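Presented below is the structure to which this report refers.
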Amino acid sequence: MRRTKIVEVLKSEETGKEFLVKGWVRTRRGNKQVSFIAMNDGSTIHNLQIVADVELFGEELLRRANTGASLAVVGELNQSQGTGQNVELLAKKIEVIGDCDVNEYPLQPKKHSLEFLREKAHLRFRTNTFSAIARVRHAMIFAVHSFFSLKGFVNIHTPIITSSDAEGAGEMFQVTTLNLDNIPKNDDGAIDFSKDFFGRPTNLTVSGQLEGELAAMGLADIYTFGPTFRAENSNTTRHLAEFWMIEPEMAFYDLNDNMDLAEEFLKYLIRYALDNCADDLNFLSNRLKEEEKNKKADEKSMELIEKLKFVLEDDFVRLTYTEAIEILRNSKPNKKGQFKYPIEGYGADLQSEHERYLVERHFKKPVILTDYPKEIKAFYMKLNEENKTVRAMDVLFPQIGEIIGGSQREENYDKLVARMEEMDIPVEEMWWYLETRKFGTVPHSGFGLGFERLMLFVTGMGNIRDVIPFPRTPKNAEF
RNA sequence: UCCUCAGUAGCUCAGUUGGUUAGAGCGGCGGACUGUUAAUCCGUAGGUCGUAGGUUCAAGUCCUACCUGAGGAGCCA
């Protein structure tokens with residue numbers, strides 16, 4: 001007999017028919033006559049209720065069907081007599097595939113804290129919350145590829161090991177095969193990297209953008225979707241040392257085209273989640289309500305599904321950094337001295353509190369900020385005519401802040417070299433990047449979307465460590 | 001890295017001003033109950049109070065250092 005997934009069994013209307021299901025026990029209830037086993041196989045948030053006649057199977061076997069154990073059950077699909085479900089499986093055969101010692105198994109049929117489950121990351125796929133997140137994450141991965149594929153973009157695998165340290169996107173993890181107990185040295189005492197695997201210092205990538213630009217200068221529209229590594233000592237709910245980033249890069253796009261694409265992309269992903277993950281989003285919405293039930297009304301977040309729909313309704317607000325500074329300078333919290341970092345004038349980078357004010361209180365919708373001062377942005381961003389600002393854009397979302405960072409790139413060879421020299425970027429090492437500006441250069445743009453930040457928004461989770469299966473953060477690389 | 005808070009039973013927590021034998025709920029185990037839904041009811045076992053020092057007649061409680069976790073900030077996606 002072929003196994004049927006629980007999601008299919010629950011949808012089936014063929015009562016009286018026999019099914020074989022396999023999965024893990026969530027809870028068991030009952031009395032001397034009958035046992036009710038709530039079974040889950042990861043195919044859906046919902047459990048299948050197995051009804052087992054105690055006389056038929058014996059107390060000893062049913063005792064083994066406890067929380068955490070894996071079972072194979074053959075049974076007849078019935079209309080449920082109980083009220084919690086439409087159908088249930090009246091068991092004819094029960095096989096315990098793997099026993100589970102409840103005295104050692106850490107997951108109990110009760111609420112666990114997210115912190116506790118983080119320490120049990122190897123088992124947390126068996127919980128409602130994490131299986132829901134995993135399914136939504138899969139749907140979002142699929143939707144990313146679907147969106148770009150529909151638009152004729154080519155997916156590019158950019159290198160994970162890089163020798164360029166010029167990306168300027170943060171601290172890097174060094175990659176080496178040198179024996180750290182006996183590091184080869186030159187005569188002058190410096191490390192002899194010619195003895196290392198690649199014959200030069202190498203690191204894990206902090207961004208695929210530079211290589212993505214090379215691909216776009218031939219394929220026109222490309223995107224990357226790969227792991228990204230930052231060795232920053234960041235301890236926040238929004239940062240990981242290893243995360244997944246989506247970086248489209250488009251030839252012939254200016255900053256406006258870039259913003260249009262970013263907005264369309266985000267809306268497509270959110271629409272996809274609403275259309276395809278209703279059960280899991282409902283569960284996550286209820287989880288969030290439960291978590292926040294003791295918060296004051298004005299501290300509660302918007303209901304999850306309502307929030308997702310809300311983002312789809314309006315155009316994102318677009319304004320320049322200079323305009324944002326004006327709004328902030330004249331804002332109530334600034335005048336009342338409520339900002340920890342008061343806005344005094346043009347030039348400073350915006351702090352989290354400022355971004356949150358703009359998004360959550362002033363506009364109450366996603367905001368795209370553009371044209372930042374060149375001093376606070378990367379070397380590759382295109383200079384505006386006035387020579388003070390660059391064609392950068394940051395997409396700011398409520399709750400999570402910067403979800404996308406992007407720009408139109410500097411395509412003019414001389415201007416780019418000048419900017420690199422100003423910012424102490426090693427021009428010689430970047431010869432390959434610069435050659436794209438020498439040979440048939442074109443205006444082009446791109447952006448980076450932090451996949452886990454998208455996941456935070458879509459799932460309503462508060463900590464980025466809960467939307468990736470195995471989070472890597474400072475002092476934590478277990479599993 | 002900085003600031004703040006926390007670490008007590010398998011889990012979530014309480015533990016008053018330092019004072020007798022450290023408590024509860026859930027979970028586990030035993031029992032009761034013809035269909036449960038976080039089942040219910042009765043009973044029961046379970047603790048080196050994060051680690052190491054220190055103060056004190058006396059420390060879960062006070063002090064110091066360290067470890068771990070969380071929240072905020074910075075860096076950013």
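So you know, we letter chains A, B, ... as the sequences are listed, proteins then strands, and number each from 1. Since this is a predicted model, take the numbers as computed values, not measurements.
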When we call it a touch if two heavy atoms are under 4.0 Å apart, what does A/Arg465 touch: a base, just sugar-phosphate, or nothing? sugar-phosphate

Using whole Å, report how far CZ of A/Phe265 lies from P of B/A77. 15 Å

Within this structure, what is the CG-CG distance for the pair A/Leu319 and A/Leu369, rounded to the nearest 0.5 Å? 5.0 Å

For the P atoms, the ones on B/C75 and on B/A59, what distance do you get once it is rounded to whole angstrom? 47 Å

In this structure, how many angstroms lie between the C1' atom of B/A77 and the CZ atom of A/Arg453, rounded? 4 Å

Atom pair distance, as rounded to whole Å: CG in A/Asp466 and P in B/G71: 9 Å

Between A/His239 (NE2) and B/G71 (C1'), how many Å, whole number? 15 Å

Taken in chain and number order and not counting sequence neighbours, the residues that satisfy side chain to side chain contact (heavy atoms under 4.5 Å, CB included) with A/Asn40 are A/Arg26, A/Asn47

Rounded to whole Å, the NZ-C1' distance (A/Lys340 to B/U4) equals 11 Å

The nucleotide from B/G27, B/C29, B/A77 with an atom nearest the side chain of A/Pro109 is B/G27

Charged tip of A/Arg419 within 45° of A/Phe379 ring normal and under 6.0 Å: no

Does a donor on one side chain and an acceptor on the other come within less than 3.5 Å for A/Tyr433 and A/Glu213? yes

List the residues meeting side chain to side chain contact (heavy atoms under 4.5 Å, CB included) with A/Val7, not counting sequence neighbours, and say none if there are none. A/Lys5, A/Lys11, A/Ser43, A/Thr44

Any side-chain N or O of A/Thr237 less than 4.0 Å from the OP1 or OP2 oxygen of B/G72? yes

Can you tell me how far C1' in B/U1 sits from the matching atom in B/U64, rounded to whole Å? 22 Å

Which residues share a side chain to side chain contact (heavy atoms under 4.5 Å, CB included) with A/Leu312, sequence neighbours left out: A/Lys267, A/Ile270, A/Arg271, A/Leu274

Under 3.5 Å side-chain donor-acceptor pair for A/Arg329 and A/Ser331: no

Using the C1' atom in both, what is the distance from B/U12 to B/A6, to the nearest Å? 14 Å

Map A/Leu350 and A/Lys377 onto RNA chain B by nearest heavy atom, then report which one ends up closer to the 5' terminus. A/Leu350

Please list, chain by chain and in numerical order, all residues satisfying ring pair (Phe, Tyr, Trp, His ring centres under 6.0 Å) with A/Phe316, sequence neighbours excluded. A/Phe397

Would you say the base of B/A77 and the side-chain of A/Arg238 have a donor-acceptor pair closer than 3.5 Å? no

List the atom pairs, with distances to 0.1 Å, where a side-chain N or O of residues 354-362 of chain A and a protein N or O form a donor-acceptor pair under 3.5 Å, not counting sequence neighbours.
residue: A/His354; atom: ND1; partner: A/Gln351; partner atom: N; Å: 3.0
residue: A/His354; atom: NE2; partner: A/Tyr341; partner atom: O; Å: 2.7
residue: A/Glu360; atom: OE2; partner: A/Gln399; partner atom: N; Å: 2.8

Considering only the C1' atoms, how many Å lie between B/U21 and B/G15, rounded to the nearest integer? 15 Å

Contact class for A/Asn463 (heavy atom, under 4.0 Å): base, sugar-phosphate, or nothing? sugar-phosphate

Nearest to the side chain of A/Gln108, heavy atoms from C-beta on, is which of B/C11, B/G69, B/A73? B/C11

With sequence neighbours excluded, residues passing ring pair (Phe, Tyr, Trp, His ring centres under 6.0 Å) with A/Tyr372: A/Tyr321

Sequence-aligned protein contact record of nucleotides 46-52 of chain B, with B where the base is within under 4.0 Å of a protein heavy atom and S where only the sugar-phosphate is: -------

For A/Thr236, answer base if it contacts any base atom (sugar-phosphate contacts may also be present), sugar-phosphate if it contacts only those atoms, and nothing otherwise; contact means non-hydrogen atoms under 4.0 Å. base

Taking the C1' atom in each of B/A39 and B/G27, what is the distance between them to the nearest angstrom? 14 Å

Tell me what A/Ile403 touches on the nucleic acid: a base, only sugar-phosphate, or nothing, going by heavy atoms under 4.0 Å. sugar-phosphate

Which value, in whole Å, describes the distance between the C1' atoms of nucleotides B/U17 and B/G60? 15 Å

Could you tell me if A/Lys111 sits above the aromatic ring of A/Phe116, with its cationic atom closer than 6.0 Å to the ring centre and no more than 45 degrees from the axis? no

Does any N or O donor sit under 3.5 Å from an N or O acceptor when you compare the side chain of A/Ser234 with the base of B/C75? yes

In whole angstroms, how far is the P atom of B/C75 from the CD atom of A/Glu402? 10 Å

Check every strand shown and say whether A/Ile404 touches a base, only sugar-phosphate, or nothing at a heavy-atom separation below 4.0 Å. sugar-phosphate

When all nucleic acid strands are considered with a 4.0 Å heavy-atom cut-off, which category describes A/Phe229: base, sugar-phosphate, or nothing? nothing

At less than 4.0 Å, is any side-chain N or O atom of A/Thr228 found next to OP1 or OP2 of B/A77? Yes or no. no

A/Phe116 side-chain proximity, nearest of B/G74, B/U1, B/U12: B/U12

Ignoring hydrogens and angles, does a donor from either the side chain of A/His112 or the base of B/C11 sit under 3.5 Å from an acceptor on the other? no

Inter-nucleotide P distance (B/C26, B/A65), Å rounded: 41 Å

Restricting to ring pair (Phe, Tyr, Trp, His ring centres under 6.0 Å), what partner residues turn up for A/Phe57, sequence neighbours left out? none

Heavy-atom contacts, protein to nucleotides 31-36 of chain B, under 4.0 Å, summarised as B (base), S (sugar-phosphate only) or - (none) per nt, yield -SBSBB

Check side chain to side chain contact (heavy atoms under 4.5 Å, CB included) between A/Val34 and all other residues, then give those that pass, not counting sequence neighbours. A/Asn31, A/Phe36, A/Val51

Please give, in whole Å, the distance from B/G28 C1' to A/Tyr105 OH? 15 Å

Donor-acceptor list for residues 472-479 of chain A side chains, cut-off 3.5 Å, not counting sequence neighbours:
residue: A/Arg472; atom: NH1; partner: A/Glu478; partner atom: O; Å: 3.0
residue: A/Arg472; atom: NH2; partner: A/Phe479; partner atom: O; Å: 2.6
residue: A/Asn476; atom: OD1; partner: A/Glu478; partner atom: N; Å: 3.4

Whole-Å gap separating P (B/C76) and CG (A/Leu456): 19 Å

Spacing of the C1' atoms in B/A22 and B/G69 (rounded, Å): 24 Å

Please map the stems of RNA chain B, keeping only stretches of three or more Watson-Crick or G-U wobble pairs with both distances under 3.5 angstrom. B:1-7 with B:67-73, B:10-13 with B:23-26, B:28-32 with B:40-44, B:50-54 with B:62-66

